[in-house]
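What follows is one structure encoded as structure tokens, with my remarks underneath.
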Amino acid sequence: MTHPHDRALPRALRQAMPMARDVLVEVAKQHGVCIRPLALRRLDIVTGRAEIIDVPCGSTLDSKCPPCAKRNRQLRMAQCREGWHLDTEPAITPDEPNEEQRWLVEFRADMQAKRDAAAQAGDDTTDLDAVLAGLDEEINAAGMRGSVTGSAVPKRSRSTRRRQDAPDLPKRKMTSTTLGRTFHSSDGKVYRPSLFVTLTLPSYGKVRDGVPIDPDAYDYRRAARDALHFSKLVDRFVQNLRRVAGYDVQYFAAVEPQKRLAPHLHMAIRGTLPRAEIKQIAAATYHQVWWPQADEVRFDGDHLPVWDEQAGYLNPATGEVLPTWDEALDALDEDAEPLHVLRFGEQVDVQGVLAGTPDADQCIRYLSKYLTKSLGDALDGGQAQRDHAARMVDALRYEPCSPTCPNWLRYGVQPKNAKAGMAPGRCRSKAHKPEHLGYAGRRVLVSRKWSNKTLAEHRQDRRTWVLEALGQADQPTDPHRYIWRPIPAGDANVPPLAMRLLRTVAERQRWRAHLRELEARATGQDLSATEQTGRAA
Ligand SMILES: [Zn+2]
Ligand SMILES: [Zn+2]
């Protein structure tokens, strides 16, 4: 336990103890220390020792903690730079279940147990739910598909019949390379051109300074649905791009907010295609959402479906069981229309970029510029823009965000995995929140063969939050050695945040001192190694 007279703390920090909390937070920020650490109890089953460990809050890019957000942004810039103009095929190791994945799943199981116990005791589970949602994201990021709870249901055979046609586009013969072509100039120099592409969504009505000129005429419903399904449209674009390019095109893309609060996409693409072809691909790309109808309101206000333990949700007036999600999908017959069709807008920007030029650097900075902001943060245009955002949130309130969204009850369908207590307008998914404005997907999209790091090295940035907390960034963790438990808020065993921040800052200082020592020893021997340790610090 840290104490003002603790000798382990540097003198400067001991003196700093009475500092106001705000100042302390600033100090922590300067040292790159997470200011919103999550305290967890870790039991070491080898030694039997229990410890309280602070885990950095942010492995997510929309983290509100500046040090975590900054570290994430730097990692992303490094990753973007590394892959863009690669001249040798990346070494890709085959996917296999790995320690990190098992670790995450076990950890999640522990947290779930805790959450269920809290729910049974009638306690508020908001915080634990948030932790679980974060873990689910981690688990997906670690390369496992689906979620742990959302049982891996076999794909409906029906959906294959609704496969979208490939749009009418030129198609080159597929080669197995991921590298773009190079060009030789007359003086023998090799050029490695690549692309920087910006794709936007269509117009929903005239805007000035990001605000609709006529809010009543602005198509908020369309804007909401486009934002909800935007990532699918991006997937389609990549599929089409690869088909036309004839090679395994790799990309690093960032989804960013426009002033009008619609998501748009910046994409660094390895290799090059004619500008006209990129525009043709963007124009031909579309995505259809084959969901039940969500335009005709069937249940509203006090007239809401009622839950029955055996049958699920019932029509409150007739007692009739509402169709389940699968039944509703099966009812879409051959001439059904998709709920929604997405396309890109006409504004497509394509820039050719050469490796190692200032242009390339500028694009990389641009790609990571807004990563630490959420979509709703684009707001800076005063009251008119806040009103615009509020109308967008309104439009999203009753839009179903996923098959499990409670909003389906409004349109007479039982959400997938329906359970008691669901009500339209009460979905807790990120998509409905003002910070996300419909787009709850990943902000950075990186294709698998982007950079030449091994899979383990790539994983490093996802593991950072765990490994850093363990103070063993370079050692693999035995996933079975520790049992983790969340600590309820207000637990007397957890020192006040100020103490914990101080301790981490002190740790960081010792760590730096150690690195400097190593550097001093290495001086003159290997400059590049010195540079690397310097960066790691
Ligand atoms: Zn943090
Ligand atoms: Zn929802």
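Worth knowing before you read on, the calculation uses all heavy atoms, side chains too, and leaves out hydrogens, waters and symmetry mates. Just follow the structure's listing: the first ligand is 1, and inside any ligand the first atom is 1.
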Quiz item: Would you call Asp44-Arg49 a salt bridge at under 4.0 Å N-O?
Solution: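 The answer is no: the pair does not qualify as a salt bridge.
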Exercise. Might you confirm whether atom CD of Glu320 has over 12 heavy atoms from other residues, nucleotides or ligands at distances under 6.0 Å?
Key: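 At most 12 heavy atoms, drawn from other residues, nucleotides or ligands, come within 6.0 Å of this atom.
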Quiz item: Close to the Zn ion (ligand 2), meaning under 2.8 Å, how many protein N, O or S atoms are there?
Solution: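 For the Zn ion (ligand 2), protein nitrogen, oxygen or sulfur atoms under 2.8 Å: 4.
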Exercise. Mark yes or no: Arg410 above the aromatic ring of Tyr398, with NZ or CZ under 6.0 Å from the six-membered ring centre and no more than 45 degrees from the axis.
Key: yes
Quiz item: Does any donor atom in the side chain of Tyr220 or Arg391 lie under 3.5 Å from an acceptor atom in the other side chain?
Solution: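 Yes.
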Quiz prompt | Side-chain donor-acceptor pair present, Trp307, Glu309, cut-off under 3.5 Å | solution = yes
Quiz item: Where is the tightest heavy-atom contact between His31 and Gln509, given as atom of each residue plus distance?
Solution: NE2-NE2, 3.3 Å
